Undergrad: 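Have a look at the structure that comes next, please.
Since the model is a prediction, treat every value here as computed from it, not as a measurement.
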Amino acid sequence: QVDLVESGGGLVQAGGSLRLSCAASGRSFSTDYMAWFRQPPGKEREFVGTIRWTGRTTYYADSVKGRFTLSRDNAKNTVYLQMNSLKPEDTAVYYCAAGARGTLTRDYMYWGQGTQVTVSS
């Protein structure tokens with residue numbers, strides 16, 4: 001069992017920054033990849049980015065590339081999503097997920113409870 005707890009969401013003006021954190025417990029080889037997804041109001045959950053606990057593998061959705069950065073602290077079992085140059089269209093509930101690899105929700109077995117990010121114009 002892997003437990004994921006997100007934090008760091010909030011309200012920010014367009015152009016601002018936020019950093020989300022995801023603390024993981026109970027990691028295993030089957031959860032070598034961590035990902036962030038988001039679900040805008042009235043829309044489906046969408047992929048944001050993924051990072052591996054080992055190595056330097058990161059991958060981002062085109063919509064956030066160059067603005068969002070994933071990082072990890074293995075000692076703290078925590079993954080971070082640094083979000084810069086935020087836009088109103090980034091408003092969503094952001095979810096942390098753990099799994100094998102991929103950009104689809106079905107690729108990830110474990111999910112956090114989500115944290116709200118609201119970007120005002």
Side-chain angles (χ1 to χ4, degrees):
Q1 179 66 32
V2 176
D3 292 322
L4 305 174
V5 179
E6 302 105 332
S7 60
L11 174 64
V12 64
Q13 289 188 334
S17 299
L18 280 175
R19 189 178 79 158
L20 305 183
S21 301
C22 175
S25 61
R27 283 172 51 198
S28 70
F29 70 93
S30 64
T31 58
D32 197 34
Y33 286 82
M34 298 290 292
W36 287 92
F37 287 76
R38 66 186 183 185
Q39 188 162 13
K43 297 184 179 180
E44 293 186 352
R45 198 168 296 189
E46 62 186 29
F47 173 78
V48 174
T50 186
I51 186 169
R52 194 176 183 183
W53 285 110
T54 57
R56 299 185 177 182
T57 302
T58 56
Y59 181 75
Y60 300 93
D62 288 342
S63 58
V64 306
K65 200 173 296 182
R67 300 188 298 122
F68 290 10
T69 303
L70 284 161
S71 62
R72 54 177 169 76
D73 185 332
N74 288 43
K76 296 182 178 180
N77 281 347
T78 300
V79 171
Y80 303 98
L81 179 66
Q82 177 67 42
M83 305 185 294
N84 298 328
S85 302
L86 283 162
K87 306 174 181 179
E89 51 263 43
D90 294 318
T91 295
V93 178
Y94 283 71
Y95 295 91
C96 176
R101 184 179 181 179
T103 62
L104 303 176
T105 56
R106 64 170 182 255
D107 296 324
Y108 295 87
M109 294 179 290
Y110 302 99
W111 293 82
Q113 80 287 354
T115 185
Q116 177 70 47
V117 171
T118 303
V119 184
S120 62
S121 57

Undergrad: Determine yes or no for a side-chain-to-main-chain donor-acceptor pair under 3.5 angstrom, with Ser17 supplying the side chain and Asn84 the backbone.
TA: no
Undergrad: Got Gln82 and Ser71 here, is their nearest side-chain heavy-atom distance under 4.5 Å?
TA: no
Undergrad: Would you say the ring centers of Trp111 and Phe37 fall short of 6.0 Å from each other?
TA: yes
Undergrad: Which heavy atom in Ala14 sits nearest to a heavy atom in Ser121, and how many Å separate them?
TA: CB-CA, 4.4 Å
Undergrad: Would you say that Thr115 contacts Val93 through its side chain, given a criterion of any heavy-atom pair below 4.5 Å between the two side chains?
TA: no
Undergrad: Tell me, do Val79 and Ile51 make a side-chain contact under 4.5 Å, heavy atoms counted?
TA: yes
Undergrad: How many angstroms lie between CG in Leu86 and OG in Ser120, if you round to the nearest 0.5 Å?
TA: 10.0 Å
Undergrad: Does Glu6 offer a backbone N or O that forms a donor-acceptor pair with the side chain of Gln113 under 3.5 Å?
TA: yes
Undergrad: Minimum heavy-atom separation for Val48 and Val64, please, with both atom names.
TA: O-CG2, 3.5 Å
Undergrad: Determine, using the 4.5 Å side-chain heavy-atom cutoff (strictly less than), whether Met83 and Tyr80 are members of one ILVMFWY cluster.
TA: no
Undergrad: Determine whether Trp36 and Met109 fall in the same hydrophobic cluster, where Ile, Leu, Val, Met, Phe, Trp and Tyr are linked whenever their side-chain heavy atoms lie under 4.5 Å apart.
TA: yes
Undergrad: Quick one: side-chain contact (heavy atoms from CB on, under 4.5 Å) partners of Thr103, sequence neighbours excluded?
TA: Phe47, Tyr59
Undergrad: Between Arg38 and Ser63, is any pair of side-chain heavy atoms under 4.5 Å apart?
TA: yes
Undergrad: Just by modelled atom types, is the Ser85 backbone N or O under 3.5 Å from a matching donor or acceptor in the Arg67 side chain?
TA: yes
Undergrad: Rounded to the nearest 0.5 Å, what's the gap from OG1 on Thr78 to CG on Leu20? Could you check?
TA: 12.5 Å
Undergrad: Is it true that the side chains of Thr50 and Tyr108 contain a donor and an acceptor less than 3.5 Å apart?
TA: yes
Undergrad: Between Lys87 and Asp90, does at least one N-O distance fall below 4.0 Å, as a salt bridge requires?
TA: no
Undergrad: Run Thr118 and Val12 through side-chain contact (heavy atoms from CB on, under 4.5 Å) and show every step you take.
TA: CA-CA 6 Å; Thr118 303; Val12 64; over 6 Å; no
Undergrad: Measuring from atom OG1 of Thr58 to atom OH of Tyr33, what distance do you get when rounded to the nearest 0.5 angstrom?
TA: 10.5 Å
Undergrad: With a 4.5 Å cut-off on side-chain heavy-atom distances among I, L, V, M, F, W and Y, is there a chain of contacts connecting Leu11 to Val117?
TA: no
Undergrad: Considering residues, nucleotides and ligands other than Lys65, do more than 12 of their heavy atoms fall under 6.0 Å from its NZ?
TA: yes
Undergrad: Taking C-beta and beyond as the side chain, do Gln39 and Tyr94 meet within less than 4.5 Å on heavy atoms?
TA: no
Undergrad: Nearest heavy-atom pair of Tyr60 and Leu70: which atoms, and what distance?
TA: OH-N, 2.7 Å
Undergrad: Tell me, please, whether Tyr95 has Arg45 positioned over its six-membered ring: NZ or CZ under 6.0 Å from the ring centre and within 45 degrees of its axis?
TA: yes
Undergrad: Quick one: does Thr91's side chain get under 4.5 Å of Gln116's, heavy atoms only?
TA: yes
Undergrad: Check step by step if side-chain contact (heavy atoms from CB on, under 4.5 Å) holds for Met34 and Cys96.
TA: CA-CA 7 Å; Met34 298 290 292; Cys96 176; 3.5 Å; yes
Undergrad: Indicate, with yes or no, if Leu81 and Trp53 share a hydrophobic cluster defined by side-chain heavy-atom contacts under 4.5 Å among Ile, Leu, Val, Met, Phe, Trp and Tyr.
TA: yes
